[in-house]
Protein chains: 2
Amino acid sequence: MAKSPVRRSAGLPATLLDVARHAGVDKSTASRALSNPGRVADKTAARVRKSAGALGYVSHGVARALTTRRTRTIGAVIPTLDNAIYAVSTHSMEGRLQRAGYMLFVASHEFDLDVEATLVEAMISRGVDGIALVGFEHRKKTFELLERARMPYVLTWNYRPGKLPCVGFDNREAGILIADYLVRLGHRNFGVIAGEIRGNDRAAARLAGIREALARARIPLPDTSVVQRPYSIEGGRDGFSILLGKQPKPTAILCGNDILAIGALHEARGRHIPVPDEVSITGFDDTPFAAVFEPSITTVHFPMAEVGVNAAIHLLNLLGVTDEVPERQLPLRLVVRDSTLQPRRLERTSAHSLA
Amino acid sequence: MAKSPVRRSAGLPATLLDVARHAGVDKSTASRALSNPGRVADKTAARVRKSAGALGYVSHGVARALTTRRTRTIGAVIPTLDNAIYAVSTHSMEGRLQRAGYMLFVASHEFDLDVEATLVEAMISRGVDGIALVGFEHRKKTFELLERARMPYVLTWNYRPGKLPCVGFDNREAGILIADYLVRLGHRNFGVIAGEIRGNDRAAARLAGIREALARARIPLPDTSVVQRPYSIEGGRDGFSILLGKQPKPTAILCGNDILAIGALHEARGRHIPVPDEVSITGFDDTPFAAVFEPSITTVHFPMAEVGVNAAIHLLNLLGVTDEVPERQLPLRLVVRDSTLQPRRLERTSAHSLA
DNA sequence: TTGAAAGCGCTAACAC
DNA sequence: GTGTTAGCGCTTTCAA
């Protein structure tokens, strides 16, 4: 007898060779029968399938990948899953990939771009067919790794016209959108509770957009009116307290996302500061909670799920797996709710002028 | 010249052979130098490392996995990432695995256990070293796949004494905890907005716990007082509307999670039904929002992050990567907040009896 | 301490 | 339509 007889007797998982022997064919035929049934006689294919079933054969993707140079695996390197926007976009991305037979690695770097580079290397090493990153800003090393490995990749949650492989929207525009709105309402004193900007070019761009809109309206935004806090309710609370201590008091506080806004709103409630009457508060993201919080939160709607789906499509397209063309620039929408209003002073002024 | 000279010239990623040639050693030496430096002369090791750096060598994990039969990869098959509890536990799990040099596959089955089985097979096929599943209930096929592959696995978000490889808590107890609390407050008419029970044994166990607690107190819970809705704000709103239409009106509504509770609370606010005065509402999970919602929500605290971390430890332990011993049974805690109160009728009754 | 050789399980030419 | 053969890139005995 040759080397290993039917090794399943040893309790080891069945290999293609076991299946082939069981079906009385060569392993190459078994291979074809399983993954390319068209190139094999129907009867043979059926017999092989039956043997595979009988032996509980599960293909050894690692070995297959070594020859095909495809793992049917994508890597998503994200800041964190502990924030709804990345959780939701990663979820929708995975859903689309799953439909295409791809599996997704997910790894978080907690906004540390050096860790990100390490993770990208770890994914390349594991043979992923493509990689999704968040944002435009990455270490030089990250890009080098990607290039050297000729790795298809897509940058998400941000968009810029051109041939950059990205799927998202213009974050600066999002900042302008909401700041403009407040300016038009008549606000002149602003505070900003930014999330962490380091390692987060989207947040930085949003802040830049806010600055730009205010500058155009000749409204100053001193650095002391911009506080950076972690994206948490606590962060929003802190930020609010600090900004409310400034003179002149801001009549509008822009928060880096809805969580921060909720924290700010909660702190305002605790201090019996009426929102929006005394101060307007805004968020970003438009998470489901923004609509049901009391007061409901004015925010910018980000198409979280669409980011993920289109990132998946972009990658699958690059891999030649789909002809579907990704929507690369996704729509942004200002959602006006109850947490914003004209500043009081303005009302008084109007009242005066009317009197 | 042998077969391929320095193939990097072809633009292909460097292989170990390229590194070896560049360093003037055999590839087996290069291999040792890179992954087992102790078994190689320091000078040689240094030279190999330098060559690897110069060529931008990234190890081909797929090929390595074929020989070592280890991919340093874990699979997490979860219901969805679109729910904070799974997002957070998956996040913490990934964090712990990352520290140990493991990478995580994440795949969602949207509460469909047949899909789950497919995903488990896909992961086994990709050679994961271990798998984390959510809950105890799985298709027979899922367990067969796991056994046949001799795959280390852990069941999360649930706990039962014994040697079952699980990390979580007793969901039935969670249900009892909160139902008992409401019973002690004096409630006698209950409504339940359960999340989807199918394919979710945790939710089913929670509901069973609620039923058990009520039965012990001889309080009926007709099937019409239990509605199943998707875990969403909308679901909570719907459920609330339906239950409020019943006679007798429930004085307490238990929701399957905080999201449903928020939906119910929002609907109550829309209908000007005061909570907790007219109806008490509870959740499960204790997500950060439960504390800041108005009214703040009475709920059961689930240690989401701990579930993930300990699942990771459990798996790493099974793989012999760590000696750390996982906490398998995690603590549960009733968190009483402002969305619950004694039922009004009881107040009146007491008033009467006092008069 | 290093090199030579075998082989992990699979696919893909290439013959027949 | 099916079998034969040669690797994919790495680790790992086994010798030297």
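Every chain is numbered from 1 and lettered A, B, ... according to where its sequence line falls, protein lines coming before strand lines.
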Nucleotide N/O of nucleotides 14-16 of chain D paired with protein N/O under 3.5 Å:
none

To the nearest 0.5 Å, atom NZ of K27(B) lies from atom CG of L16(B) at 7.5 Å
Numerically ordered, the residues 39-46 of chain B set in heavy-atom contact under 4.0 Å with DNA chain D is none
Residue-level proximity of residues 58-65 of chain B to DNA chain C when a heavy atom falls under 4.0 Å: none
How far apart are the closest heavy atoms of L34(A) and V48(A), and which atoms are they? CD1-CG1, 3.7 Å
Write down the distance between CG (L17(A)) and P (dG7(C)), rounded to a whole number of angstrom. 13 Å
Could you give the CZ-to-P distance, from R21(B) to dG9(D), as a whole number of Å? 12 Å
If a pair satisfies salt bridge (Lys or Arg N to Asp or Glu O under 4.0 Å) and one of its residues is in residues 130-144 of chain B, list it, with sequence neighbours excluded. D114(B)-R139(B), E121(B)-K141(B), K140(B)-E144(B)
Atom NZ of K27(B) to atom C1' of dG7(C): distance rounded to whole Å? 10 Å
Output the rounded distance in Å from CG (D26(A)) to C1' (dT11(C)). 12 Å
Roughly what angle, to 10°, lies between the helix axis at the start of the helix from dT1(C)-dA16(D) to dC16(C)-dG1(D) and the one at its end, five pairs per end? 30°
Please, which pairs that meet salt bridge (Lys or Arg N to Asp or Glu O under 4.0 Å) have at least one residue in residues 28-52 of chain A, sequence neighbours excluded? none
